[in-house]
A.B. asks: 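What follows is a single structure, and I will ask about it in a moment.
Quick note on labels: first sequence line is chain A, next is B, and so on, each numbered from 1.
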Amino acid sequence: MVVGFLCLFVGAGIWSLSSLGVNIAALVQGVSNAEIFIRRTWPLSLPSAEEVLQQTGITLSTVLLATLLSIALSLPLAVWASSVTTPSKLHRFTSRGVIVAARAVPDVVLAILFVRLFGLGVLPGILAMGLHSIGMVGKLYADAIEQTSPGPREALNSIGATRTQRLLTAVVPQVLPAFIAIGLHRFDINLRVSAVLGVVGVAGIGFEMTNAFARLDFGLGISWALILLLLCLLTEMVSASIRRVLLRGSGEGESGAHRFRTRLFRGRRPSGTDVPLTPPLTASPLGTARRVSPPFSFARARRWVYTVIVAAAVGASLFGGGALEARVSAGWAGFFTTLGLFWPPGDAGMLDRLLLALVETVQIGLAATFLGALLAVPVGTLAARNISGNRAVHGAFRGFVLVVRGLPELIVAIVFVVVIGLGPVAGVLALALGSVGLLGKLVADSLEEVDAGPLEAMSALGSSRTQRYFTAVLPQAAPALIGGLLYQLDVNIRSATLLGLVGAGGVGFYLLQATQTREYEVITLITLMTFTVVFALELVSMLLRRLVR
Amino acid sequence: MRTRIFIHPHGRFEVHMVDQAVFDDVGRGPVVSLTQVTKEFDGGVTALRGVEFDVPRGQILALLGRSGSGKSTLLRHICCLHRPTSGSLRVLGTDVARARRSQLRQIRRRTGFVFQQFNLVGQLSVLENVCSGALGRLVGPRLGLFSYSRALRLEALEHLDRVGMAGHAFQRTSTLSGGQQQRVAIARALMQHPVILLADEPVASLDPDSADTVMRLLREIARERSLTVIGSLHQVELALGWADRVIGLRDGEVMLDASTTILDTTTAMSVYNTVPGTEPVALDVTG
């Protein structure tokens, strides 16, 4: 079964590569183009520091507000979508439906709609990313609520607490760390998305970059791309470390602060141990001035500092970035007229070309996943702690995977388009590189989760390292690896639909063209077409996963 | 439902529900009264079959029986978390089968429940967990220690002091040991001003020393405040030394109902026998 799936996958990958014209000759051609490219862009023309700061501020505040909007909308949806908090089946079904719908409509399409409604600026970006993000944030929030332990809820029920009281006292404290971590993760993703939205007119670094390329000012465009790249890597690093601390449980941080305090006041006994281990069971007379508010602790002080920082950032983004300057360009009456432009879907007489572009999109996804997997399996293997054996090797490859994952695919695609020219080859290479990041991580993770028992048994009977890898590790990890591969394929086909926006092949080109020619009904048709493809893929992969397991 | 507003010196105020007077009168009749209570779950499993007994105020009652014999189901009925399929169940003078939802909540407010797995919110501080015991009489949701009034926090601290945990009031609850968590759970139950204290295998996941402390606490507190305690237990010896009366269950039926003054270990152990057809043992029932 697994072998059959792999044959199919390799076959589809090779077919896609050959029909898209990705071959050694094209790559050699690309390398020689790179020389011309470097001559054209060097020296880089850097934007002024003031401009960089201003655009960075706009981009960050757009992304922050969009993420907060999606969180605010996801909270009630998640509560309604979870069986833990909502007994009504109808509510749950409706809420899940809204969440799935939000994921189905691409953020670029939403941005095109909102740019048409509100004009160029920040607001369309906030709305587009905010609404689309509900698809992920809402789902993960609902899952987090679903996974809370039922004990505290039952206890509060036995106390006679109402449903709202149970939600706030028993559920919220359990899910809060996960909620914050998910929000941060979405912030990273939205920062990457903001580059694409610049192409359709959302203000920020992405917009400046698009303008520079449109003026054929490659040096400036590449500078903006590099700035956004750097920003992505920085926020990824910061949010990854915050997430790690959050999900490890704040108890750890507490004890760290505690250790620090004990070191600081060496003479005194730490506050936790001044109670005798077997306390008297009779009531002791209460002093008149008993503390009923918690004493100072580093963890609490740190929480306050974080809260103030977040509040300040939100305030600055709300009032500094012009996010509140909402104006409907065609008036509220025009709102529905504009919506009407998108319906019913139409092909504007180019259905055959759209279908060809759709096939090309799928081919890009397949080829990129195939190439990515070829690289990701060895990279992921070396990054797995239990396989690579050498700490330095494992650390270096983990770091490599992390950095590659931090690269926004669209920016990489732009760089490839500039280097090897317009067309699907640039798209395939960009997505393949992105796949090494995500798939490499998934491969490493699933290899590390392998049961160590068979490995030990194999080494006890004197096998070599390679024998162990193929006999004990790969068969155990196979279902997880194939799951990862299918997930990557899904991600790549979704991304491939957008590559055309920057000229890297596929159906996205017609998305941009339809926006410029104002044939909005084509946008709806393209959205429906790609949704059908992604949905079909989802069904196939569900079937495959069941078979492989 | 009647409510009363408390105004505190610093301008904070708090809405409390007024305890129904009827609960304080039940001292005359039995606190809990079961007549032919039968419970069938949706899957067709019959958890209780014709269970019948009364519990007078202030009695300490131990439920014995193997896992799956219906002890937990019985306790959850008394706390109104389940309703019987047939038969009559009266708790604190209210007929549970016919009670409205608000009445069920009233009963839950006055019955403290101590769970085997403590069921505290591990992420919150000990004091906040104890304060949450007051939720039944507060109006509106609460999050954070400061959402409870100073008076409530003082009261919670008093209960913590009673179970010997006042020194841990501001610690994160998940950092406590099992025995300590169970004592905090008892303090939370005290915060309910309970008339009945229910305990579902309260010491099954504790080491012998902590188990001893917890059982002693439950007994002492019950005597101090003339509470009725119904606890399910696994260990026969422990039950005989702790309770006034023992009820043994097997497959949802009462097999044994006796005062501990006249019950010996061998008879009590018969509840655990697998031999079918053993006659139910009926000894003197303390009233």
A.B. asks: Just verifying a value: how many Å separate A/Leu176 CG and B/Leu143 CG, rounded to the nearest 0.5 Å?
C.D. replies: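 The CG atom of B/Leu143 is 8.0 Å from CG of A/Leu176, to the nearest 0.5 Å.
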A.B. asks: Going from OH on B/Tyr148 to OG1 on A/Thr169, what distance comes out if it is rounded to the nearest 0.5 angstrom?
C.D. replies: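 Reported value, rounded in 0.5 Å steps: 4.0 Å.
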A.B. asks: As an exercise: rank B/Val121, B/Asn119, B/Leu81 by heavy-atom pairs under 4.5 Å with chain A and give me the winner.
C.D. replies: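 Winner by heavy-atom pair count: B/Asn119.
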A.B. asks: Would you say that more than 12 heavy atoms from the other residues, nucleotides or ligands in this model lie under 6.0 Å from the OH of A/Tyr306, or not?
C.D. replies: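 Result for OH/A/Tyr306: open.
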A.B. asks: Check whether A/Ile159 gets within reach of chain B through its side chain, its backbone, both or neither, counting any heavy atom under 4.5 Å.
C.D. replies: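 When you check distances to chain B, atoms from both the backbone and side chain of A/Ile159 fall under 4.5 Å.
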A.B. asks: For chain B, find which of A/Ala161, A/Gly151, A/Ser158 contributes the most heavy-atom pairs closer than 4.5 angstrom.
C.D. replies: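 Most heavy-atom pairs under 4.5 Å with chain B: A/Ser158.
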A.B. asks: Does anything in residues 154-172 of chain A pair up under salt bridge (Lys or Arg N to Asp or Glu O under 4.0 Å), and if so which pairs, sequence neighbours excluded?
C.D. replies: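 Counting only pairs at least two positions apart or across chains, the salt bridge (Lys or Arg N to Asp or Glu O under 4.0 Å) contacts touching residues 154-172 of chain A are A/Glu154-B/Arg76.
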A.B. asks: Nearest heavy-atom pair of B/Phe170 and A/Pro295: which atoms, and what distance?
C.D. replies: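 In terms of heavy atoms, the two residues are closest at CD1-CD, 3.4 Å.
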A.B. asks: Using heavy-atom distances under 4.5 Å, tell me whether B/Gln192 contacts chain A through its side chain, its backbone, both, or neither.
C.D. replies: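 The answer is the side chain of B/Gln192.
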A.B. asks: At a heavy-atom separation under 4.5 Å, does B/Leu127 approach chain A through its side chain, its backbone, both, or neither?
C.D. replies: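 Only the side chain of B/Leu127 comes within 4.5 Å of chain A.
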A.B. asks: Minimum heavy-atom separation for A/Val292 and B/Arg153, please, with both atom names.
C.D. replies: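 Answer, listing the atom of A/Val292 first, then B/Arg153: O-NH1, 3.0 Å.
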A.B. asks: Side chain from CB out, backbone as N, CA, C, O: work out which of these in B/Ser132 comes under 4.5 Å of a heavy atom of chain A, or both, or neither.
C.D. replies: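 Contact with chain A is through both the backbone and side chain of B/Ser132.
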A.B. asks: Report the distance from atom CG of A/Leu156 to atom CG of B/Asn129, rounding to the nearest 0.5 Å.
C.D. replies: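 Interatomic distance, A/Leu156 CG to B/Asn129 CG, rounded to 0.5 Å: 8.5 Å.
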A.B. asks: Just wondering, more than 12 heavy atoms not from A/Trp80 lying within 6.0 Å of its CH2?
C.D. replies: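 For A/Trp80, atom CH2 is not crowded (no more than 12 foreign heavy atoms under 6.0 Å).
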A.B. asks: More than 12 foreign heavy atoms under 6.0 Å from CZ of B/Arg83: is that the case here?
C.D. replies: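 Yes, CZ of B/Arg83 has more than 12 neighbouring heavy atoms, counting only those of other groups under 6.0 Å.
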A.B. asks: Which atom names give the shortest non-hydrogen contact between B/Arg105 and A/Thr162, and what distance separates them?
C.D. replies: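 Closest pair (atom of B/Arg105, atom of A/Thr162, distance): NH1-CG2, 2.8 Å.
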A.B. asks: Could you tell me if the side chain of A/Pro152 sits less than 4.5 Å from the side chain of B/Phe115, heavy atoms only?
C.D. replies: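 Side chain of B/Phe115 against side chain of A/Pro152, heavy atoms only: no contact under 4.5 Å found.
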A.B. asks: Can you list the steps and then say if B/Arg150 with A/Ser293 is a side-chain contact (heavy atoms from CB on, under 4.5 Å)?
C.D. replies: CA-CA 9 Å; B/Arg150 193 182 157 76; A/Ser293 40; 5.7 Å; no
A.B. asks: Can you tell me which of B/Ala156, B/Ala169, B/Gly140 forms the most heavy-atom pairs within a distance under 4.5 Å of chain A?
C.D. replies: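 The residue among B/Ala156, B/Ala169, B/Gly140 with the greatest pair count is B/Gly140.
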